[in-house]
K.L.:
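Take a look at this one; I'll ask things after.
On a predicted model such as this, the values are computed, not experimentally measured, just so you know. Letters A, B, ... are given to chains in the order of the sequence lines, protein chains preceding strands, and every chain is numbered from 1.
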Amino acid sequence: MAAKNHDNIDVDRLISVFSKEATRLKITYADLRIERVKFNRLELREGVLTTLSGMDYGLAVRIYHNGAFGFAFSSILNVESIKRALVYAYSMARSARSKLPRPALFEPAESYYEHPVYEGIEDVSIDIKARDLLELDKLLAEKPFVKSRTVYYYEAVEEKYYASTEDRHLGERRELAYIAASVFGQQEGVRGSSIVTNGTIKGYYLWKKMSIEEFAEKALQRLESQLRAKPPKSGNFPVVLAPETVGVFVHEAFGHLAEADLVAAGSALQGRKEQEVAAPIVTIVDDPSIDDGFGTLRYDDEGVKTARAVIVENGVHKQVMTDRVHATLLDEEPTGNARAESFRYPPIVRMRNTIMLPGDATFEEMLEDIEFGYYIVSTAGGQTNLDGSFQVGVREAYEIVNGELGAPVRNLSITGNTLETLRNIDMVGKDFQLFYGRCGKGQVVFVSDGGPHVRVKRMTVGGRA
Amino acid sequence: MSSRASLIELATLATKYAVKEGATEAEAFGVNTRGYVVSIFAGQIKELQSINDVGIGIRVAVGKRLGFAYATGTNFSLVKEAARKAVKLAKVSSEDTYWRGLPAPSPVYPEPGNIYDSHLAYMSPETLVENAVALIDYVSEYKDKGVILSRAGLGVHTVERAITNTNGVYRIDVGTHAHVVVSTIIRKDGDVTPAVFKFDSSRITFPSIERTAERAIEVNMLCTRKIKGLEPRGYTVVYVSEALAELLSVTVLASLNGEMVVRGRSYYAGRLEQRVMDERITIVDDGTLKGGDNTWRFDGEGVAMQRKALVEKGVLKGFVFDNYWGQRAGKASTGNAVRGGYASTPSPGFTNVVMLEGDASPEELLDGRVIVVYNVQGAHTANRETGEYSVLANPAILYENGEARGWIQGATLGGNLYTELESKVELVGRLVEKPYPGIYVPWIRIREIRVAQQA
């Protein structure tokens, strides 16, 4: 494998040392991850720019032996670290006395892939990036109702290498960028806030996806509508969810229930394979191959080829998302869903790009026969439970009155049961949008989610104080 | 050059290099953490981890423009690159007109004691696993009572810290730390008690796993009998140290943070020397506490750790500051610059927070009819500006004349910690416990807290 060598670090040599030493241990499985992540973070608070930069380099060794995993990491990339990590991981696995099932094993493989970029992150100077952010901030500051502004920009060049005792040697390089602008405003005693985000894995490409002017406009328009919004009525109403909300819903409220470790722990999807869990027009997948997603990856952090996980197909629950151990434990297909925040963590089951596939309805058709309901555009996060109950706070929403969009509403929340809500979907739009963010499950990873517009026959809507 | 350069050598190299690149001031903070962690899940060892995490964070000023960069490892070329990056970032940053420079060395540094033990530093992973197995075996003795070790973690760490800056700060420190976290539940006859977490730690010896497990199981046992139909109204409540620490952290400690004071978001801003709590309450932050979880010789900026009273006999005495926020408030740093490690910049935080003991015995605390709250869920939703909270007490146990009557399942509590500590304290316990790392508090008995039980 032709790993890129710089900073005096010879990745190929480290891998060959690992392979030689690990083979000698005569164990079921061992893997090595080497990571080089360079990142910059630029933050503007009320126009004042602060910066942070990191070179996060390290390696992790994991060994499965006698029913247990040993894991060792080091932030020092050299031969000595590899040898020591192997000894530690081995002695840890050996002494654990556990009975975990054997992880799924695979054939030898060799691959190195660089995700293509439009303009390399390291080819654009930090001054230009700062200038772009200041321009965005200036646009946000122009409106008198804006009282506080934060612009957050993060960019990273990630290089990850993987080797295992199965003779798998893999490498992948991505350039990731993320932008979030949040504005807080006050007008005639009403307070409100809005956040707009975007992301890419195509280098310094954000402003080509959506221009600085468009981005600012979106944040301001959202805030402006919040400031003239009225409180909602409480009760059960038909609801149209915009793609951003559908994304949050399929990831937060539904996706976690289909992670193999949580299925094993008793999530609401446990024992529901081949059963109808959603309306027949609903298909939800976790797809690692879509263009420009935060979860778009060739291989996962256990060196497993990523595959599309079809969680729900035409309303029927088909697949769960797995890592090596849970594929064996639950007798499921390996989907390549094992991800780790960094070399400091062992991989666990995580989502990648979780989306609802488009249907055939138009937005107008969805509104048409609604006498009174709500159009929910974006959320402020929520909380879900393994039993399938959820609560989501809403940031931007509008009334739907006699088939038409009406006044904005604020301080709204939606609650319910995930599977019941999926069964109540009666229209799926033909449009599609993808969103970018981070998900925490003890470790934080970059994910995407999204979908089309969706109509739900009824949802419980409440006001928040 | 050798990769065996010490942390302080690397830090020195980093600051020198930053100055060469154009920094007017530079500071390098290095941390080297080694250790082992065992995690237990559902009564079984799930994973063993070995930790070797070293890196250097470099903070520079170019005039009043600031930049920060870090590098992992001990590779000279990476440290240099981080220094160069920090300077480059400072040059594109905005001017911070409040910046008054990095701190100078403190005249005296403390010798707190009991922060390093060579046995802990050289404890083998096998020994840690033996402790984990002993914990599993200990809890399995309670199998017939339905006790399950749902989660546990044991860890031992050795931490080396080094800091240097262009104002002459040049310090190194090394310490050890061992901890145990145990969470147990009782599942019997279709009923499940809440998961109870107990923590213990030490800088110089491995904490007792039996005692930690026992404390968790004791609380579980209190939940095997249930109380139903509790009338919603004001009750006398005893907050056990876990519950008090959770609520204090979100409200009182947030308001004692100097940054919050300067930004006008502290409840206690402008109330120095006024009585803000019951006169039996004294709260100190003590970075020199012998054997304390967060005891070191210097803070995240190289300023000497200190002991300072924040609240003395109910009177507000001070706030915690790092160098920057101290200067903004017109005060000196209190040695409270806290960093998450080499990868983060310093900000004001707490070292070891101690609420001093009162004089009430356990019998006095539990006298009469009281609800004892062993932990709370949702403390993070408390309002730090106003002190208002609405949390799930889990578990809450009803006591009558010192006798536990049963678990009040689904008890919600509503109150305001600021006003309760000011005027509703009945008793402060005479035993101080450490429910979480670096926070030491007694039990406290407060009257008229609204309690309701979910149907």
K.L.:
Side-chain donor-acceptor contacts of residues 40-49 of chain B below 3.5 Å, not counting sequence neighbours, with atom names and distances?
P.N.:
{"from": "B:Gln44", "atom 1": "OE1", "to": "A:Lys99", "atom 2": "N", "distance (Å)": "2.7"}

K.L.:
side-chain contact (heavy atoms from CB on, under 4.5 Å) between A:Val48 and B:Asp96: does it pass, once the steps are laid out?
P.N.:
CA-CA 8 Å; A:Val48 178; B:Asp96 183 344; 5.6 Å; no

K.L.:
Heavy-atom distances under 4.5 Å only: say whether B:Val129 touches chain A with side chain, backbone, both or neither.
P.N.:
side chain

K.L.:
Taking atom types as modelled and ignoring hydrogens, do the side chains of A:Asp56 and B:Tyr70 form a donor-acceptor contact shorter than 3.5 angstrom?
P.N.:
yes

K.L.:
Test your reading of the model: is there a side-chain donor-acceptor pair from B:Thr72 to the backbone of A:Tyr57, 3.5 Å cut-off?
P.N.:
yes

K.L.:
Testing the 3.5 Å rule here: is there a donor-acceptor pair between the side chains of A:Thr50 and B:Ser93?
P.N.:
no

K.L.:
So which part of B:Ile51 gets closer than 4.5 Å to some heavy atom of chain A, the side chain, the backbone, both or neither?
P.N.:
both

K.L.:
Would you mind checking which part of A:Arg41 comes under 4.5 Å of any heavy atom in chain B, side chain (CB onward), backbone (N, CA, C, O), both or neither?
P.N.:
neither

K.L.:
For B:Ser94 and A:Leu49, indicate whether the former's side chain and the latter's backbone hold a donor-acceptor pair under 3.5 Å.
P.N.:
yes

K.L.:
Flag yes if more than 12 heavy atoms outside A:Lys129 fall under 6.0 Å of its NZ atom; otherwise flag no.
P.N.:
yes

K.L.:
If you measure from CD1 on A:Ile76 to CG on B:Asn75, what distance do you get to the nearest 0.5 Å?
P.N.:
10.0 Å

K.L.:
So does B:Arg328 have more than 12 non-hydrogen atoms from other groups sitting under 6.0 Å from CZ?
P.N.:
yes

K.L.:
Between chain B and each of A:Ala130, A:Ser91, A:Ala85, A:Gly47, count heavy-atom pairs under 4.5 Å; write down the option with the most.
P.N.:
A:Ser91

K.L.:
Flag the pair B:Leu89 / A:Ile126 as yes when at least one side-chain heavy-atom distance between them is below 4.5 Å, and no otherwise.
P.N.:
yes

K.L.:
Tell me, yes or no, whether the heavy-atom count around B:Arg384 atom CZ, taken from other residues, nucleotides or ligands under 6.0 Å, exceeds 12.
P.N.:
no

K.L.:
Working to the nearest 0.5 angstrom, can you tell me the gap between B:Arg84 CZ and A:Ser53 OG?
P.N.:
11.0 Å

K.L.:
Using 0.5 Å steps for rounding, measure from the OG1 atom of A:Thr51 to the NZ atom of B:Lys85.
P.N.:
11.5 Å

K.L.:
Under the ring pair (Phe, Tyr, Trp, His ring centres under 6.0 Å) test, which residues partner A:Tyr154, sequence neighbours left out?
P.N.:
A:Phe39, A:Phe446

K.L.:
With only heavy atoms counted, which part of A:Ala93 is less than 4.5 Å from chain B, the side chain, the backbone, both or neither?
P.N.:
backbone

K.L.:
For the OG atom of B:Ser50 and the CZ atom of A:Phe71, what is their distance to the nearest 0.5 Å?
P.N.:
9.0 Å

K.L.:
Identify the residue among B:Asp53, B:Asn32, B:Thr74 that makes a side chain to side chain contact (heavy atoms under 4.5 Å, CB included) with A:Ser75.
P.N.:
B:Asp53

K.L.:
Is the count of non-hydrogen atoms from other residues, nucleotides or ligands lying under 6.0 Å from B:Lys80 atom NZ greater than 12?
P.N.:
no

